[in-house]
Amino acid sequence: MNKIIRGVKYAYSWQQKYDPSKETIVCLHGFTGTRQTFQLLQDPIYNFLFIDLLGHGESSIFVHPWRYQLSEIVKDLNQLIQELGINQWYVLGYSMGARVALAWAIEHPSKLLGVILEAGTPGIVDEQERKQRKESDRRLALRLWREPLVDFVDFWQNLPLFSSQKKLPKEIQKKIRDERLSQNKFGLAMSLWFMGTGVQKNYWLELEELKQPVLYVVGEQDPKFLAIGDTLCQQLPHSTLAVIPDSGHCVHLEQSQAFANKLSQWLAKRKTHC
């Protein structure tokens, strides 16, 4: 299904037929992913809404670059949810999607029940490091644009960040690779250039404004984001850090059952506290 939001198409799908009596969990994929990545999530107590972020999957690609900015994307998503008639929801994001989820929660918190961040960052604190990352993202975007997509995918899937995924069954590895190869180079390049970590606002300074409960999920073999999650949860008294054994960056695929169990447990506690 598609919705045109401020002139831009967003593709979305439901895990099951939408039931207005159930709470909704909005799921946002990572860079080079699509809404299909969360298809394994199933809990009959909730509605699961999967969205292709701008430049990915079946959502719009060839739009003005400024629409790729995080502030614009979360404005779109917030309007999308309203137009779908959803009154209250949780937002779950993986990696790039986690950065979008956090920006959404801080900039448009009304009616948001809680936030689930899987290996995401509130941003880069050090200005020099931020400039270096911005330039690195720009060079990577240009490389992506100039090279065949398959060459970029070969490079991307061999980053140390994803090394633990090589332990996944071959059919899942193929599914991840095929998902990456299905993308459009322009959309991926714009995502890196205009909504990458280098240009992302430093949301560390605004975490105290986040009043909703937060679940931060991270694999024990993902040291960078384990440290980020630990620091984030120390700053937020209403947060929970869930470290999943035998997993790297992409917990929901590497340890799908453990991820689903942790999510269900955390959500059940939210219902208990209501």
Do the side chain of [X] and the main chain of [Y] share a donor and acceptor less than 3.5 angstrom apart?
X    : Y    : value
Q15  : N47  : no
S264 : A260 : yes
S59  : G55  : no
R130 : I124 : yes

If two hydrophobic side chains count as joined below 4.5 Å and joins carry through other members, does [X] share a cluster with [Y]?
X    : Y    : value
L188 : I176 : no
L53  : W66  : no
F155 : L192 : yes
L49  : L40  : no
M1   : I4   : no

Spacing of [X] atom [atom1] and [Y] atom [atom2] [to the nearest 0.5 Å]:
X    : Y    : atom1 : atom2 : value
M195 : Q69  : CE    : CD    : 10.5 Å
L241 : L215 : CG    : CG    : 8.5 Å
D76  : H108 : CG    : NE2   : 9.0 Å
Y10  : N2   : OH    : CG    : 12.5 Å
S182 : L149 : OG    : CG    : 8.5 Å
L207 : S239 : CG    : OG    : 9.5 Å

* How far apart are the C-alpha atoms of Q183 and T34, what are their side-chain angles, what is the distance that settles it, and do they pass the side-chain contact (heavy atoms from CB on, under 4.5 Å) test? -> CA-CA 9 Å; Q183 306 291 351; T34 71; 3.3 Å; yes
* List the steps, then state whether side-chain contact (heavy atoms from CB on, under 4.5 Å) holds for I244 with F259. => CA-CA 7 Å; I244 307 301; F259 180 87; 5.7 Å; no
All N/O donor-acceptor pairs, side-chain side in residues 110-123, below 3.5 Å, sequence neighbours left out:
residue	atom	partner	partner atom	Å
E118	OE1	H252	ND1	2.9
E118	OE2	V251	N	2.8
E118	OE2	H252	N	3.0
E118	OE2	H252	ND1	3.1
T121	OG1	G123	N	3.0
T121	OG1	G123	O	3.3

Please, which pairs that meet salt bridge (charged side-chain N to carboxylate O under 4.0 Å, His left out) have at least one residue in [range], sequence neighbours excluded?
range            : answer
residues 134-143 : R133-D137, E135-R138, E135-R139, R143-E147
residues 197-208 : K201-E206
residues 48-62   : R35-D52, R35-E58
residues 220-249 : none

* **More than 12 heavy atoms of other groups within 6.0 Å of K9 NZ** =>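 Enclosed.
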List the atom pairs, donor and acceptor, that lie under 3.5 Å between side-chain atoms in residues 77-89 and the rest of the protein, sequence neighbours left out.
residue	atom	partner	partner atom	Å
N78	OD1	W104	NE1	3.0
Q79	NE2	E83	OE2	2.9

* Asked: What residues, two or more places apart in sequence or in another chain, satisfy salt bridge (Lys or Arg N to Asp or Glu O under 4.0 Å) together with E72?
  ->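 For E72 the salt bridge (Lys or Arg N to Asp or Glu O under 4.0 Å) partners, ignoring immediate neighbours, are R6, K75.
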* Sequence neighbours excluded, which residues qualify as salt bridge (Lys or Arg N to Asp or Glu O under 4.0 Å) partners of D178? ->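 Salt bridge (Lys or Arg N to Asp or Glu O under 4.0 Å) check on D178 returns K174.
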Restricting to non-hydrogen atoms, name the atom on [X] and the atom on [Y] that form the minimum distance, rounded to 0.1 Å.
X    : Y    : result
E179 : T37  : OE2-N, 3.7 Å
L210 : H238 : O-NE2, 2.7 Å
V243 : G219 : CG1-C, 4.5 Å
Q173 : L168 : NE2-O, 2.8 Å
I73  : Y68  : CD1-O, 3.4 Å
V100 : V74  : O-CG1, 3.5 Å

Side-chain heavy atoms of [X] within contact of [Y], under 4.5 Å:
X    : Y    : result
S60  : L54  : yes
I45  : L267 : no
V153 : T32  : no

* **Pairs satisfying ring pair (Phe, Tyr, Trp, His ring centres under 6.0 Å), at least one member in residues 39-59, at least two apart** =>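 Passing the test, one end in residues 39-59: H29-H56, F31-H56.
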* To do: For residues 179-234, pull every pair meeting ring pair (Phe, Tyr, Trp, His ring centres under 6.0 Å), keeping only residues two or more places apart or in separate chains.
  =>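 Counting only pairs at least two positions apart or across chains, the ring pair (Phe, Tyr, Trp, His ring centres under 6.0 Å) contacts touching residues 179-234 are F62-F186, W145-F186, F225-H249.
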* Mind checking side chain to side chain donor-acceptor pair (under 3.5 Å) for S247 and listing every partner two or more places apart, or none if nothing turns up? =>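 Side chain to side chain donor-acceptor pair (under 3.5 Å) list for S247, sorted by chain: empty.
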* Stepwise side-chain contact (heavy atoms from CB on, under 4.5 Å) check, E254 with K167 -> CA-CA 8 Å; E254 295 179 45; K167 302 175 185 177; over 6 Å; no
* Pairs flagged by side chain to side chain donor-acceptor pair (under 3.5 Å) wherever residues 152-162 is involved - sequence neighbours left out ->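 For residues 152-162: D154-R177, Q157-R177, N158-K166.
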* Asked: Hey, mind stepping through S164 and Q255 against side-chain contact (heavy atoms from CB on, under 4.5 Å) and telling me if it holds?
  -> CA-CA 11 Å; S164 57; Q255 293 294 335; over 6 Å; no
